[in-house]
Amino acid sequence: DFESLTLIKEAAFSKKSRGRKISEAEDDIRTCYMVDRDRIIQSKSFRRLKHKTQVYIKTFGDHYRTRLTHTLEVSQVARNIGVGMGLNENLIEAIALGHDLGHVAFAHNGEEVLNEYLNGGFRHNEQSVRVVTKLENNGEGLNLTEEVINGILNHSGLGTTKDIITLEGVVVKFSDKMAYLNHDIDDSIRAGLLKKEEIPREIVKVLGDTSSERLDILIKDFVKTSTNNIDNGIREIGLSKEIDGAMRELREFMFKNIYLGDTLKVERNKAKFILEQLIKYFEENPEQMPEFYLKIAKEESLKRGVADFIAGMSDDYCLLLFNKIFVPKVVID
């Protein structure tokens, strides 16, 4: 009833949800999207995000982002946009909190290694769906609604939004980019790898000079542009042409200078080496994997079992496992 009073007609109403793969009784006080959000937060995969790298590998400073803090910042940005537009905040939150559950350790370096290893490739958005439908809850999955799973699957990249079935999912897709561009700039400056004045001035003129300014401009532009774009009751949502262009230029700048730049190349190669050695070890010694992943290896394929095992590891667990397997132990007589 509250949704009917507060949401625009194009929003995703919980009573009109496409439902779950396995039907279940409705909760007494929570909508289906609230249930999904809670299941994601309570999952083991969500907790592991606190020890997965966002950009900087094994940074011990308290203020560097991890995959978990990134997820929370995406949720914050997306919910602000959603509330400003009159969309379903609970659905937005569920998609945002679950969007990176399938991310590999050591940021995109891990994804690149598994993409080369696994037949058919590896994409973290698809792995996130696999986590919530197959791997969590001892292989039973979380039985989330179709709207949440669709939003998780289609959050990645700058491509088309035509496959996203809710406006809430589109909001999360854009918010992911807004969040990581801004906090990665912040972390890069903190790490001494980027200076504010190195960001192209034409971008600064459009998007602002600080993280808070950029987010404020991006969020308000998205809401204003989207609420003005009404065509026969169907909303085409997104950023204005000028702001979207500036954000894409900023993304290109970050990829060239930070994400794929020479500064982090040494650390990226170290991370890839560790993952490649672990993959090789468990391919040759599958019995050393937990029984859950050994079962996947037998039912689907060895590569799939190894990939699922590796993908679920945190940075810390990868390093501990690598040291345990490959680093000689010091024996004091």
Side-chain angles (χ1 to χ4, degrees), residues 3 7 10-49 71 74-75 78 82 87-104 118-157 160-173 176 290-301 303-305 307-309 311-312:
E3 287 180 357
L7 304 185
E10 294 87 1
F13 293 85
S14 56
K15 65 181 179 181
K16 296 181 180 179
S17 171
R18 300 187 185 193
R20 310 177 187 279
K21 186 174 182 180
I22 301 174
S23 298
E24 54 185 66
E26 292 185 9
D27 189 85
D28 289 340
I29 61 173
R30 296 175 297 168
T31 69
C32 56
Y33 303 136
M34 295 168 71
V35 171
D36 286 1
R37 173 203 61 199
D38 295 348
R39 288 178 181 176
I40 290 168
I41 290 176
Q42 295 296 328
S43 69
K44 291 188 293 184
S45 300
F46 185 79
R47 294 195 293 276
R48 287 199 296 267
L49 294 177
T71 294
V74 172
S75 177
L87 297 177
N88 195 316
E89 184 181 3
N90 292 313
L91 173 56
I92 285 174
E93 186 175 23
I95 296 171
L97 294 179
H99 82 281
D100 269 355
L101 292 180
H103 237 300
V104 191
L118 191 62
N119 295 332
F122 180 97
R123 287 159 286 278
H124 77 271
N125 57 314
E126 295 174 356
Q127 186 69 13
S128 295
V129 171
R130 184 170 171 83
V131 167
V132 300
T133 59
K134 171 81 176 178
L135 302 181
E136 266 294 339
N137 198 21
N138 297 316
E140 295 183 9
L142 302 179
N143 196 32
L144 304 181
T145 58
E146 186 176 338
E147 290 82 4
V148 172
I149 293 174
N150 175 268
I152 291 173
L153 177 63
N154 293 292
H155 82 271
S156 188
T160 179
T161 60
K162 65 180 180 62
D163 295 324
I164 304 179
I165 61 177
T166 66
L167 297 186
E168 287 80 359
V170 177
V171 167
V172 174
K173 182 181 179 73
D176 184 31
E291 183 63 32
F292 178 75
Y293 296 103
L294 188 58
K295 182 180 179 183
I296 292 174
K298 292 176 179 177
E299 292 179 350
E300 298 185 49
S301 72
K303 283 181 176 288
R304 183 74 260 182
D308 284 340
F309 184 37

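This structure is a prediction, so every number in the text was calculated from the model and none was measured.
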Measure the acute angle between the ring planes of Y293 and F309, then classify it against the limits of 30° and 60° as parallel, tilted or perpendicular.
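Y293 vs F309 ring planes: tilted.
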Side-chain contact, heavy-atom cut-off 4.5 Å: [X] with [Y]?
{"X": "I165", "Y": "R18", "answer": "yes"}
{"X": "I29", "Y": "M34", "answer": "no"}
{"X": "R20", "Y": "C32", "answer": "yes"}
{"X": "H99", "Y": "N125", "answer": "no"}
{"X": "R48", "Y": "L101", "answer": "no"}
{"X": "V104", "Y": "H124", "answer": "no"}
{"X": "D100", "Y": "H155", "answer": "yes"}
{"X": "N154", "Y": "K173", "answer": "no"}

From CA spacing to verdict: side-chain contact (heavy atoms from CB on, under 4.5 Å), I40, L144:
CA-CA 9 Å; I40 290 168; L144 304 181; 4.0 Å; yes
Out of curiosity, [X] [atom1] to [Y] [atom2], how far, rounded to the nearest 0.5 Å?
{"X": "L7", "Y": "S14", "atom1": "CG", "atom2": "OG", "value": "8.5 Å"}
{"X": "Y33", "Y": "T166", "atom1": "OH", "atom2": "OG1", "value": "7.5 Å"}
{"X": "S23", "Y": "N143", "atom1": "OG", "atom2": "CG", "value": "8.5 Å"}
{"X": "K16", "Y": "N88", "atom1": "NZ", "atom2": "CG", "value": "12.5 Å"}
{"X": "L118", "Y": "E126", "atom1": "CG", "atom2": "CD", "value": "10.0 Å"}
{"X": "T71", "Y": "L49", "atom1": "OG1", "atom2": "CG", "value": "5.0 Å"}

Of the non-hydrogen atoms in [X] and [Y], which two are nearest, and what is the gap between them?
{"X": "A12", "Y": "L91", "result": "CB-CD2, 3.5 Å"}
{"X": "F292", "Y": "L135", "result": "CZ-O, 3.5 Å"}
{"X": "T31", "Y": "N90", "result": "OG1-ND2, 4.4 Å"}
{"X": "E93", "Y": "S75", "result": "CG-OG, 3.8 Å"}
{"X": "S45", "Y": "V131", "result": "OG-CG1, 3.2 Å"}
{"X": "A78", "Y": "V171", "result": "O-CG1, 3.6 Å"}

Taking [Y]'s backbone N and O only, do any of them form a donor-acceptor pair with [X]'s side chain (distance below 3.5 Å, no angle check)?
{"X": "S301", "Y": "R304", "result": "yes"}
{"X": "E136", "Y": "K44", "result": "yes"}
{"X": "N150", "Y": "D163", "result": "yes"}

Considering residues, nucleotides and ligands other than E300, do more than 12 of their heavy atoms fall under 6.0 Å from its CD?
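Above 12, so yes.
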Working note: R123 + S156, criterion side-chain contact (heavy atoms from CB on, under 4.5 Å); need CA distance, chi angles, decisive distance, verdict.
CA-CA 9 Å; R123 287 159 286 278; S156 188; over 6 Å; no
When you compare the side chains of D36 and T145, does any donor N or O come within less than 3.5 Å of an acceptor on the partner?
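Short answer, yes.
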